[in-house]
Peer 1: 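Starting off with a structure, shown below.
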Amino acid sequence: MPELPEVEVTRIGISDRLCGQSITDVVVRKSLRWPLGVEGRELRGRTIARVLRRGKYIILELDQGILLLHLGMSGRLFLAASDQPFGPHDHFDLVTSAGVLRLCDPRRFGAVVWSASQGVDPARKLLSHLGPEPLDESFDLKGFQRALKARRCSVKTALLGGEMVVGVGNIYASEALFRALIGPTTPCAAIGLVRSRRLHSAIRDVLQAAIDRGGSTLRDYQDVHGRAGNYQSVAMVYGRAGQTCHRCGGTVAKIVQNNRSTFFCPGCQHV
DNA sequence: AGGGTGACCTGTCGGC
DNA sequence: TGCCGACAGGTCACCC
């Protein structure tokens, strides 16, 4: 589910409620992708200073250390009352003075990982490989063009790789490439200055548009308040194989790249 | 070194 | 109705 827009909408939804609150308990009901890396009791009494995001990770910055949260493919966070019964996939609770931050994740590809310091630990390692933030100034055009030139793979594969830019997943990779009128199988190095500028803009525009619409809900995703996103209803190609292209009237196609579906319009997008 | 593949885990949907 | 395979928003460890 969650690509950058869904994670950002989630972050915004929990930030005000959690900032300044103290942790009273941590409950891990079922293991997630990685171990938490700390005993719950060690986190009791710590205060949540800020709720940040890096790529698809939500970062709870405590008065000491950070908690890294990832939603995997099917995760969602919500705020529960302290006496609210947990469901079969509610695997993690962060109990705070303002209620329970609960992670529901049927497929358990998500994770919550603790980092105590600035040193090298599993959580910091997860963050250390990440490329620039698409909505920040760190995502500059020149750097993006250099990164494209250096890659040997297809542009769609590279967008998912997270080194040229973070936060772009399977939905928004297809959507950004459509906006930029670039075929998904195009080798990175074949993308010149004009097209790379279009793609750079398209990535930012599509992610921001999706945030504004509350993200995309294909199946599981809901925001903190239980609301679905609706970007999928304005998607130009994702999930629209066999349907009419809104731009040229042709037919949207679906191919498989690296075992993942890619949607594009052969009439609008070229290698 | 960089790029492709399998693995992780569960639920849902379509076809037979 | 029931079973089985394909597929789903991510990404890491592993092979060549």
Peer 1: With nearest nucleotide decided by heavy atoms, which residue, Pro106(A) or Ala150(A), maps closer to the 5′ end of DNA chain B?
Peer 2: Ala150(A)
Peer 1: Is there a donor-acceptor contact under 3.5 Å linking the side chains of Gln145(A) and Ser196(A)?
Peer 2: yes
Peer 1: Determine whether the side chains of Ser216(A) and Tyr172(A) contain a donor N or O and an acceptor N or O closer than 3.5 Å.
Peer 2: yes
Peer 1: For dT11(C), is there a stacking contact with Phe109(A), counting only centres under 5.5 Å and planes under 30°?
Peer 2: no
Peer 1: Among dG10(C), dT10(B), dG4(B), find the nucleotide with the atom closest to the side chain of Arg260(A).
Peer 2: dG10(C)
Peer 1: Give me the distance, rounded to whole Å, that separates dC7(C) from dT5(B) when you measure between the P atoms they each carry.
Peer 2: 15 Å
Peer 1: Rounding to an integer number of Å, can you tell me how far Tyr238(A) OH sits from dA8(C) P?
Peer 2: 6 Å
Peer 1: Nearest to the side chain of Arg152(A), which nucleotide is it out of dC9(B), dT11(C), dG2(B)?
Peer 2: dG2(B)
Peer 1: Going by heavy atoms closer than 4.0 Å, what residues in residues 159-167 of chain A are next to DNA chain C?
Peer 2: none
Peer 1: Roughly how many Å is it from CZ in Arg151(A) to C1' in dG2(B), rounded to a whole number?
Peer 2: 8 Å
Peer 1: Ignoring the backbone of Arg33(A), work out which of dG10(C), dG4(B), dT10(B) is nearest its side chain.
Peer 2: dG10(C)
Peer 1: Name the closest nucleotide to the Lys56(A) side chain, picking from dA13(C), dT11(C), dA8(C).
Peer 2: dT11(C)
Peer 1: Using modelled atom types only, decide if a donor and an acceptor are shared between the side chain of Thr217(A) and the backbone of Tyr221(A) within a distance under 3.5 Å.
Peer 2: yes
Peer 1: How many whole angstroms separate atom CG of Asn259(A) from atom C1' of dC8(B)?
Peer 2: 14 Å
Peer 1: If you check the Asn258(A) side chain, which of dA13(C), dC9(B), dG4(B) turns out closest?
Peer 2: dG4(B)
Peer 1: Could you tell me whether a side-chain N or O of Arg76(A) sits under 3.5 Å from a main-chain N or O of Val224(A), the two making a donor and an acceptor?
Peer 2: no
Peer 1: OP1, OP2 of dA8(C) versus side-chain N and O of Lys254(A): anything below 4.0 Å?
Peer 2: yes
Peer 1: Check whether Phe144(A) forms a cation-pi arrangement with Arg146(A) (NZ or CZ under 6.0 Å from the six-membered ring centre, at most 45° off the ring normal).
Peer 2: no
Peer 1: Rounded to whole Å, how long is the line connecting atom CH2 of Trp34(A) with atom C1' of dC9(B)?
Peer 2: 14 Å
Peer 1: Give the rounded distance in Å between these two atoms: OH of Tyr221(A) and P of dG10(C).
Peer 2: 13 Å
Peer 1: Side-chain N or O of His89(A) less than 4.0 angstrom from OP1 or OP2 on dG11(B)?
Peer 2: yes
Peer 1: Leu101(A) and side-chain contact (heavy atoms from CB on, under 4.5 Å): which single residue from Asp93(A), Ile48(A), Leu69(A), Val95(A) fits?
Peer 2: Leu69(A)
Peer 1: In which stems does DNA chain B show up, taking only runs of three or more Watson-Crick or G-U wobble pairs whose two distances fall under 3.5 Å?
Peer 2: B:2-8 with C:10-16, B:10-16 with C:2-8
Peer 1: Counting side-chain heavy atoms from CB outward, which of dG10(C), dC12(C), dT10(B) is closest to Met73(A)?
Peer 2: dG10(C)
Peer 1: To the nearest angstrom, how far is Leu218(A) atom CG from dG11(B) atom P?
Peer 2: 18 Å
Peer 1: Are Leu126(A) and Ser115(A) side-chain neighbours, meaning at least one heavy-atom pair lies under 4.5 Å?
Peer 2: no
Peer 1: Any cation-pi pair here, Arg204(A) with Phe139(A), using under 6.0 Å and within 45°?
Peer 2: no
Peer 1: Take Arg29(A) and Phe92(A) through the test side chain to side chain contact (heavy atoms under 4.5 Å, CB included) and record every step on the way to the result.
Peer 2: CA-CA 6 Å; Arg29(A) 294 194 192 81; Phe92(A) 176 87; over 6 Å; no
Peer 1: What is the separation between atom CG on Asn170(A) and atom P on dA8(C), rounded to the nearest whole Å?
Peer 2: 8 Å
Peer 1: In whole angstrom, give the distance that lies between atom CD of Gln257(A) and atom P of dT5(B).
Peer 2: 12 Å
Peer 1: Please report the distance separating the P of dC12(C) from the corresponding atom of dG11(B), rounded so that it comes out in whole Å.
Peer 2: 24 Å
Peer 1: Using modelled atom types only, decide if a donor and an acceptor are shared between the side chain of Gln257(A) and the backbone of Thr157(A) within a distance under 3.5 Å.
Peer 2: no
Peer 1: The criterion is side chain to side chain contact (heavy atoms under 4.5 Å, CB included); which residues satisfy it with His246(A), sequence neighbours excluded?
Peer 2: Met236(A), Arg240(A)
Peer 1: If you check the Cys153(A) side chain, which of dG4(B), dC9(B), dA8(C) turns out closest?
Peer 2: dG4(B)
Peer 1: Is any N or O donor-acceptor pair between the side chain of Arg107(A) and the base of dA8(C) shorter than 3.5 Å?
Peer 2: yes
Peer 1: So what does Tyr231(A) hit on the nucleic acid, given a heavy-atom distance under 4.0 Å: a base, only sugar-phosphate, or nothing?
Peer 2: nothing
Peer 1: I want to verify a distance call: between dT10(B), dG4(B), dA13(C), whose nearest atom is closest to the Lys30(A) side chain?
Peer 2: dT10(B)
Peer 1: Looking at Ser74(A), does any N or O in its side chain come under 4.0 Å of the phosphate oxygens OP1/OP2 on dG11(B)?
Peer 2: no
Peer 1: Between His70(A) and dT11(C), is there a contact of a side-chain N or O with OP1 or OP2 at under 4.0 Å?
Peer 2: yes
